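Computed from a predicted model, the values in this text were never measured in an experiment. Quick note on labels: first sequence line is chain A, next is B, and so on, each numbered from 1.
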Amino acid sequence: MKVSAALPTGVAALFFDSARRHRELEDKLVGQLRESGFSEVILPVVDYLEPYEAMLSGSVARDELYRFVDRDGEVLALRADFTPMLARLIAPRLAALELPLHLFYRGDVLRYQEEHAGRLRETYQLGAEVLGLPGEDGERLALERFLELLATGERRRLMVVLGFAGALDRLLLERAGDVAPKGSKRNVDASALAAAVMRRERSAVRRAGDALLQVVEHGVPDDPGELGAEAAARLERLEALARELAEAFPQVDLRLDLAEFADQTLARGLASGAGPRTYYDGLVFRAFAGAAAEPVGGGGRYDAMFQRLGAGVTASGFSLSLDRLMGREGGWEIRRECAR
Amino acid sequence: MIRLALPKGRNLGVALDAFRAAGVALEGLELKDRRLRIEFPEDDLEVLLLKDWDLPLYVEYGIADCGVVGSDVLEEVDGDLLIPARFREGQCRLSLIGREGGLPGAGEQVRLASKYPLTARKLLADRPWGAEVLKLNGSVELGPLLDLAEVALDIVQTGQTLRDNGLVELETVRAVQPCLVVNRSAYQLHRAELNRWIDRFEAAEVVE
């Protein structure tokens, strides 16, 4: 019998040197996390669709989930994102645990994607979460660990873009009315404006005023006060953090760009508009390696997810795609001393 | 140096005119150019000449930093690209075409021929009629002309080809225009230079 060696679209098998390099990189990154005091959590690859699906809101679209009915009639889903699964499992146990918690995980996530070269349906992730550090300390720690892990490899170009959720909410809501067609709902148009900002569509954004156009062109408005007092103060603190971390991690190109995260909104009117939004509600960051447009990882703060679960705890985390880090487009080459 | 991907098809002339109007000479580059990769040191630019359908992938992968491609192709390939400018010239329309009076009625099930199967399926999602989508790679007008399909979804520029073959534009679906597309990572790196280009495009009134 002739057996085909073909695999389904969007999945890959690693053999020989690829497998060895993958495990070496994973071991190196895991070793660093352990040295930093992070403990491993091993999570299942299958969960009940409810309540998992509701908690995925924004990070994974409904039609990206692999769902199936088990033999006993339960509707299950394959793991598409570690963070909501970890949050749901740990929130009821938090009262009995000593905070802060430093946790990490690794494994496959599966998301259905339309066939498109380079888009994997199964990716291997390594991620970490910091729970219960006060104020913005957790965000900072998560970002520092993220940068440390990224800086492990040698690559041609490594860039991390920083922003924060809700940064553009005030501008988007205020200005959307100026460009909305008569009779249309203001919140829907604010979402469309957010999408135009993310695509850096200057002609569409120009009608909404100078401040948003400056965000599209330069990443931040000339006058941070345009964002509102709270967001302006947040931006100032983020700029200070970026300067500090740029010195500590010279191999990483750190940039502030609020347009990159225009969909990370906290405003209800905006959140109900078109398109997914992620669950972040504080710092957000995204890393690009080499020239590829697809990020190799990212993270941020997501306190609200725990609040929804009845746990008042600060939470920040990140994940890295090992497949993308190892990919040719990422240009990742593990250090020689580590490869031996 | 920025690596710019230009389309070999109908949008190359639009792109060349726009860049030249913006002061980027691209000296010696012609519409019938058979070279695939050309350096322009004086413009600090390298140009790749690519097929329309391949161009978004080259930009998304970062092989090219940016490119010019039609919004019809962008919608069909569903990539993650920034679109900082849309060109005024080269506009056409994506339309349903067929024989006079051939727009299907409510509840009808027909065959629809197109180079844009993904776009066609999205279009059908809110139509009162249904269709089996047939993917064709060229001369889509032949579909309704030879009864392979009742309707076709294709680009219409002047409508002359339709008239010459006894077909009509049944419905304009949307306007199509060439766009400047940029890789998300490259935009961060070359932001200043790209913004200067767009400023000059705007000054020359070649973009919206």
Side-chain angles (χ1 to χ4, degrees), chain A residues 63 113-119 155-163 195-207 213-220 252-263 275 285-296 298 324 327-331, chain B residues 1-3 5 53-54 56-67 71 74-88 117-119 121-122 125 177 179-203 205-208:
Chain A
D63 56 7
Q113 309 226 36
E114 287 291 340
E115 193 170 351
H116 187 91
R119 275 189 207 160
R155 54 179 63 254
R156 286 175 288 134
R157 186 199 299 168
L158 191 59
M159 184 194 306
V160 173
V161 183
L162 306 174
V197 170
M198 285 197 70
R199 287 194 302 267
R200 316 308 200 271
E201 284 200 69
R202 283 184 24 169
S203 61
V205 174
R206 178 174 293 106
R207 281 169 282 162
L213 191 60
Q214 288 154 6
V215 171
V216 163
E217 291 179 0
H218 311 298
V220 293
V252 182
D253 181 0
L254 275 169
R255 290 166 188 246
L256 258 71
D257 189 348
L258 304 182
E260 182 73 17
F261 306 106
D263 61 340
F285 49 90
R286 193 170 283 163
F288 298 95
E294 193 88 23
V296 293
R324 291 190 197 136
R328 271 188 68 230
E329 73 277 11
Chain B
M1 178 177 283
I2 292 182
R3 196 181 268 175
W53 289 97
D54 298 335
L57 196 65
Y58 276 82
V59 178
E60 202 172 339
Y61 263 61
I63 307 302
D65 297 305
C66 55
S71 56
L74 275 184
E75 185 177 354
E76 181 69 16
V77 299
D78 194 25
D80 178 22
L81 294 171
L82 307 183
I83 312 171
R86 294 174 186 266
F87 294 95
R88 286 182 194 276
L118 198 66
T119 309
R121 284 190 197 100
K122 284 185 207 160
Q177 61 194 133
C179 302
L180 177 69
V181 292
V182 182
N183 169 294
R184 202 169 273 282
S185 168
Y187 186 79
Q188 298 290 346
L189 273 177
H190 301 296
R191 187 190 284 267
E193 181 63 21
L194 290 166
N195 278 331
R196 270 197 296 277
W197 278 4
I198 299 167
D199 288 343
R200 285 186 271 163
F201 286 149
E202 286 173 352
E205 298 185 346
V206 293
V207 294
E208 286 183 348

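Once rounded to the nearest 0.5 Å, the distance linking OH of Tyr187(B) with CD of Glu260(A) reads 10.5 Å.
Per-residue counts of heavy-atom pairs under 4.5 Å with chain B were compared for Ser203(A), Ala293(A), Pro295(A); the largest is that of Ala293(A). Contact count against chain A (heavy-atom pairs under 4.5 Å) is highest for Leu189(B) among Leu81(B), Ile63(B), Leu189(B).
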Is there a side chain to side chain contact (heavy atoms under 4.5 Å, CB included) between Glu217(A) and Arg191(B)? Walk through the geometry before answering. CA-CA 7 Å; Glu217(A) 291 179 0; Arg191(B) 187 190 284 267; 5.6 Å; no
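Look at Glu201(A) and Arg86(B) and you find a salt bridge, because one of the NZ, NE, NH1 or NH2 atoms lies within 4.0 Å of a carboxylate O, short of that distance. A salt bridge does not link Arg184(B) with Glu294(A): every distance from a Lys NZ or Arg NE/NH1/NH2 to an Asp or Glu carboxylate oxygen is 4.0 Å or more. In this structure, Arg202(A) pairs ionically with Glu202(B), as a charged nitrogen and a carboxylate oxygen lie closer than 4.0 Å.
Heavy-atom neighbours of Tyr58(B) OH from other residues, nucleotides or ligands within 6.0 Å: at or below the threshold of 12.
Residues of residues 252-259 of chain A lying under 4.5 angstrom from chain B, judged on non-hydrogen atoms, are Asp253(A), Arg255(A), Asp257(A) in numerical order.
With a threshold of 4.5 angstrom between heavy atoms, Val161(A) approaches chain B through side-chain atoms but not through N, CA, C or O. The parts of Ile198(B) that come within reach of chain A are both its backbone and its side chain, each placing non-hydrogen atoms under 4.5 angstrom from that chain.
Taking Ala64(B) as the reference, Ala5(B), Leu48(B), Val59(B) meet the side-chain contact (heavy atoms from CB on, under 4.5 Å) condition, with sequence neighbours excluded. In this view, Phe87(B) and Phe201(B) satisfy the ring pair (Phe, Tyr, Trp, His ring centres under 6.0 Å) rule, not counting sequence neighbours. Applying the side-chain contact (heavy atoms from CB on, under 4.5 Å) rule to Glu193(B) yields the partners Ile2(B), Arg196(B), Trp197(B), Arg200(B); only residues at least two apart in sequence or on another chain are considered.
In terms of heavy-atom proximity, Asn183(B) sits nearest to Ala291(A) at ND2-O, 2.9 Å. Across all non-hydrogen atoms, the minimal contact from Arg157(A) to Ser185(B) is NH1-OG, 3.7 Å.
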